Amino acid sequence: MTNLDLYAKAEHLLGIEEATEALYDLYRSELDDKNVKTLLDVGCGRGGFMERMISDGVTCKGIDLSSVMVQECKEKGLAAECIDVVDASGTYDAIVSIFDVLNFMDKDELTKFLDAIADRLEDDGVFIADINTLYGFSDVAEGTMSKDSDDEFLVVDAEFHDNKLNTQFTLFVKDGEVYKKYQDIIIQHFHKIQFFQKLNKLKLVDKQTFSLYDTEDKTLLIFKKR
């Protein structure tokens with residue numbers, strides 16, 4: 001099981017449903033007046049945002065590096081692939097990366113990712129993503145939490161240091177009379193706004209800091225092709 005698949009397996013215990021819905025509403029409102037007919041959801045998860053946009057008449061495709069997430073999308077009848085964005089095909093009126101996707105990459109990985117995003121955008125297309133602010137990492141995300149259900153127990157321990165959030169997930173899942181243990185570390189990176197202002201293929205046209213879990217813990221970034 002990859003660390004992303006472990007996250008997918010534990011996600012329902014994290015209590016992020018309300019925050020996810022709030023993000024979906026924010027992205028949807030940003031796309032309302034942009035005449036979007038085709039959309040690519042990069043890091044699509046279980047396809048919740050695609051379902052909302054499809055209900056608005058938008059043709060959607062999702063990609064995710066978690067095979068668990070992609071399989072759940074397919075079971076819903078959604079178009080989804082377990083591939084990297086550099087291997088994606090076609091061009092789209094809008095591309096979105098919702099819920100910290102950009103923070104899971106270091107600067108070199110993110111530069112390649114954003115170049116690939118630009119290649120998949122129509123000339124007048126828009127790319128929207130959200131990132132954690134420094135406060136969101138150091139004061140909101142850092143810490144330890146645990147959650148259990150009848151058959152599962154999850155411990156999350158996150159430490160922010162040197163502009164990186166190291167989060168250890170430990171999940172115990174009941175299997176008959178015993179529990180199976182799954183454990184891995186997920187790393188997220190803090191990126192300054194200045195990084196996004198100096199991209200070769202994308203132009204940052206708007207940004208807005210907002211509160212998801214706490215005061216101004218997230219920033220929404222809106223890009224167009226250069």
Side-chain angles (χ1 to χ4, degrees), residues 16-64 69 73 76 78-80 85 88 90-105 110-111 113-137 140-141 188 190-226:
I16 60 173
E17 293 84 1
E18 186 176 336
T20 302
E21 291 296 327
L23 279 176
Y24 287 169
D25 288 343
L26 177 60
Y27 277 72
R28 199 174 183 180
S29 67
E30 289 293 335
L31 293 171
D32 267 350
D33 62 349
K34 292 184 169 54
N35 194 31
V36 174
K37 293 184 174 61
T38 57
L39 179 139
L40 178 66
D41 189 343
V42 181
C44 62
R46 292 178 168 83
F49 188 70
M50 286 195 290
E51 289 178 307
R52 284 158 180 75
M53 296 304 293
I54 289 170
S55 72
D56 292 340
V58 178
T59 300
C60 297
K61 180 176 180 179
I63 60 175
D64 201 290
M69 296 290 199
C73 285
K76 295 178 179 179
L78 300 172
V85 68
T91 54
Y92 302 84
D93 298 324
I95 302 176
V96 297
S97 286
I98 303 173
F99 223 143
D100 311 343
V101 171
L102 274 55
N103 290 124
F104 287 94
M105 293 169 269
L110 186 54
T111 298
F113 175 90
L114 294 171
D115 283 348
I117 290 290
D119 292 341
R120 302 275 68 81
L121 270 182
E122 294 283 359
D123 288 341
D124 59 347
V126 61
F127 171 54
I128 306 178
D130 60 271
I131 57 172
N132 287 315
T133 63
L134 183 59
Y135 176 80
F137 272 128
V140 179
Q188 289 179 276
F190 168 67
H191 298 295
K192 295 181 179 179
I193 294 297
Q194 289 86 341
F195 169 83
F196 299 102
Q197 294 171 327
K198 299 176 181 179
L199 300 174
N200 291 326
K201 293 187 175 183
L202 291 172
K203 181 179 180 181
L204 181 64
V205 296
D206 193 17
K207 60 181 176 66
Q208 49 185 284
T209 301
F210 63 99
S211 303
L212 189 62
Y213 294 109
D214 204 332
T215 305
E216 298 189 339
D217 56 332
K218 302 282 290 180
T219 300
L220 192 73
L221 307 173
I222 302 177
F223 300 89
K224 303 282 283 188
K225 288 184 72 168
R226 286 194 182 276

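Not measured: the values here are computed from a predicted model. We're numbering straight along the sequence, starting at 1.
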Salt bridge D93-K37, side-chain N to carboxylate O under 4.0 Å = no
Test salt bridge (Lys or Arg N to Asp or Glu O under 4.0 Å) applied to D41 and K61, step by step = CA-CA 6 Å; D41 189 343; K61 180 176 180 179; over 6 Å; no
Between R28 and D56, is there a salt bridge with N-O shorter than 4.0 Å?
-> yes
Got a donor-acceptor contact below 3.5 angstrom from the N103 side chain to the I131 backbone?
-> no
State, with a plain yes or no, whether a side-chain heavy atom of D214 is found less than 4.5 Å away from one of Y135.
-> yes
Just checking, any donor-acceptor pair under 3.5 angstrom between side chains of E216 and T209?
-> no
Going from NE2 on H191 to CG on L102, what distance comes out if it is rounded to the nearest 0.5 angstrom?
-> 7.0 Å
Test item: D206 side-chain N/O and I222 main-chain N/O as donor-acceptor pair under 3.5 Å | no
Are K201 and D119 close enough for a salt bridge, meaning some N to O gap below 4.0 Å?
-> yes
To the nearest 0.5 angstrom, please state how far the CG atom of L121 sits from the CG atom of L202.
-> 6.5 Å
What is the ring orientation for F49 with Y24, classed by angle as parallel under 30°, tilted 30 to 60°, or perpendicular over 60°?
-> tilted
Between the side chain of D64 and the main-chain N/O of C44, is any donor-acceptor distance below 3.5 Å?
-> yes
